[in-house]
Amino acid sequence: MNRDEQISLTEEFVRQNLKGYDSGHDWWHIVRVRKLASFINDMELLADPFTVDIAALLHDTADSKFADGDNEQSYLRIRDFLNSKGMSDIRDKVIHVIKNVSFSIKHKKDNPDDPLLWVVQDADRLDAIGAIGVARAFNYGGFRNNPIYFPGEESENTGISTIGHFYDKLLKLKEMMNTTTGHKIAEERHEILEKFLEQFYGEWYFGS
Ligand code: ADP
Ligand code: NI
């Protein structure tokens, strides 16, 4: 089986696995992350490009919020998939990325020495900020039926509303970038978040 066939089969596997996800974790998130990861890797030459593609494609297939809480089961399925499609050579690297990419487990600043993870994680984080990040946040908040804003949250960090999520997570991502290229893109997208918040508060507190 050649690399192109392996990519197509992985795309198909991911599409099957994303069915029923909220739209913050939809196929187009995967497409964007893959492009960002390739771009970062082309600039920094940190990992094998094919492995970056496969890891980016698979990075959300075992998200605990969506995999019926049974991550071990999902890892096994991904392992079987990679084995059966002739990708056992990159299997362990890819699974390591899937296990560690998510924001919740990696509040710690420094990742273990894994350039493939740096690349995919930066790409995933970049898709949570900028205009797309704002759109995804409100989409997720709507999905969870959260209020858009709860006055006072910006200082208390309670994270009930979607604006609260900006302080809990989105505004922190710029400083969590692993790569120089990721950090450069993040700076631009971070500014969009700041501008958005400024405009949002201006409208919310209009006249006061
Ligand atoms: P990751 O991509 O690291 O797995 P999550 O699964 O936590 O991140 O989030 C997916 C998307 O949903 C991101 O764009 C994130 O900002 C958004 N999101 C997650 N939690 C919330 C929340 N409580 N309120 C608003 N948006 C959220
Ligand atoms: Ni993701």
Side-chain angles (χ1 to χ4, degrees), residues 10-11 13-15 17-40 52-69 71 74-75 78 94-109 111 114 116-150 153-154 156-178 182 185-186 189-190 192-194 196-197 200:
T10 307
E11 287 173 346
F13 178 80
V14 172
R15 279 173 181 278
N17 277 276
L18 288 172
K19 277 189 186 146
Y21 275 30
D22 73 292
S23 54
H25 275 88
D26 65 7
W27 171 248
W28 297 108
H29 165 64
I30 305 298
V31 172
R32 292 188 302 267
V33 169
R34 183 181 169 192
K35 271 197 265 183
L36 282 163
S38 290
F39 179 84
I40 294 169
V52 169
D53 274 333
I54 298 293
L57 280 168
L58 288 169
H59 85 272
D60 269 340
T61 35
D63 192 314
S64 59
K65 287 197 288 315
F66 305 99
D68 301 326
N71 268 357
S74 326
Y75 298 141
I78 295 163
V94 169
I95 292 193
H96 183 257
V97 168
I98 298 168
K99 283 187 176 171
N100 291 284
V101 75
S102 155
F103 179 80
S104 39
I105 6 177
K106 38 71 180 165
H107 247 316
K108 50 185 191 275
K109 258 207 155 151
N111 280 314
D114 182 355
L116 179 65
L117 177 61
W118 299 340
V119 169
V120 179
Q121 195 172 57
D122 277 8
D124 194 32
R125 287 168 174 173
L126 285 172
D127 203 51
I129 55 179
I132 296 273
V134 173
R136 288 180 75 210
F138 284 98
N139 187 266
Y140 184 97
F143 174 74
R144 293 278 176 219
N145 218 5
N146 293 338
I148 55 174
Y149 175 51
F150 199 77
E153 248 185 349
E154 60 276 22
E156 283 168 24
N157 217 16
T158 44
I160 299 161
S161 72
T162 299
I163 292 292
H165 180 66
F166 280 57
Y167 298 91
D168 282 351
K169 172 173 170 178
L170 306 186
L171 292 167
K172 294 176 182 165
L173 293 177
K174 175 172 64 106
E175 291 315 320
M176 292 171 70
M177 289 290 144
N178 303 298
I185 304 172
R189 296 187 181 202
H190 184 91
I192 300 291
L193 298 182
E194 302 272 20
F196 175 83
L197 287 173
F200 184 94

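Atoms within each ligand, like the ligands themselves, are counted from 1 in listed order. Computed from heavy atoms alone, side chains included, the values below leave out hydrogens, waters and symmetry copies.
- Within ligand 1, counting atoms from 1 as listed, the ones closer than 4.0 Å to a heavy atom of D124 are 1 (P), 2 (O), 3 (O).
- Of all heavy-atom pairs between V14 and L57, the closest is CG2-O, 3.1 Å.
- Of all N/O/S atoms in D124, OD1 sits nearest the Ni ion (ligand 2).
- The distance criterion of under 3.5 Å between nitrogen or oxygen atoms is met by K169 with respect to ligand 1.
- For R125, no heavy-atom contact with ligand 1 is shorter than 4.0 Å.
- Annotation for F39: atom CZ does not count as buried by contact number, only 12 or fewer foreign heavy atoms lying within 6.0 Å.
- Residues passing the salt bridge (charged side-chain N to carboxylate O under 4.0 Å, His left out) test with R34, sequence neighbours excluded: E11, D53.
- Taking F138 as the reference, F196 meet the ring pair (Phe, Tyr, Trp, His ring centres under 6.0 Å) condition, with sequence neighbours excluded.
- An N or O contact shorter than 3.5 Å links R136 to ligand 1 by distance.
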Legend entry - side chain to side chain contact (heavy atoms under 4.5 Å, CB included) between L197 and I163, intermediate numbers included: CA-CA 8 Å; L197 287 173; I163 292 292; 3.8 Å; yes

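- Between H190 and L173 there is no side-chain heavy-atom pair separated by less than 4.5 Å.
- Looking only at its N/O/S atoms, D60 has OD2 as the one nearest to the Ni ion (ligand 2).
- Checking only distances, N146 never comes within under 3.5 Å of ligand 1, N or O to N or O.
- Short contacts between ligand 1 and L170, defined as distances under 4.0 Å to a heavy atom of the residue, involve ligand atoms 16 (O).
- Among the backbone and side-chain atoms of D127, no N/O/S atom is found under 2.8 Å from the Ni ion (ligand 2).
- The shortest distance between side-chain heavy atoms of L117 and V101 falls below 4.5 Å.
- Computed with the Ni ion (ligand 2) at the centre, the H59 NE2 to H29 NE2 angle is 100°, stated to 10 degrees.
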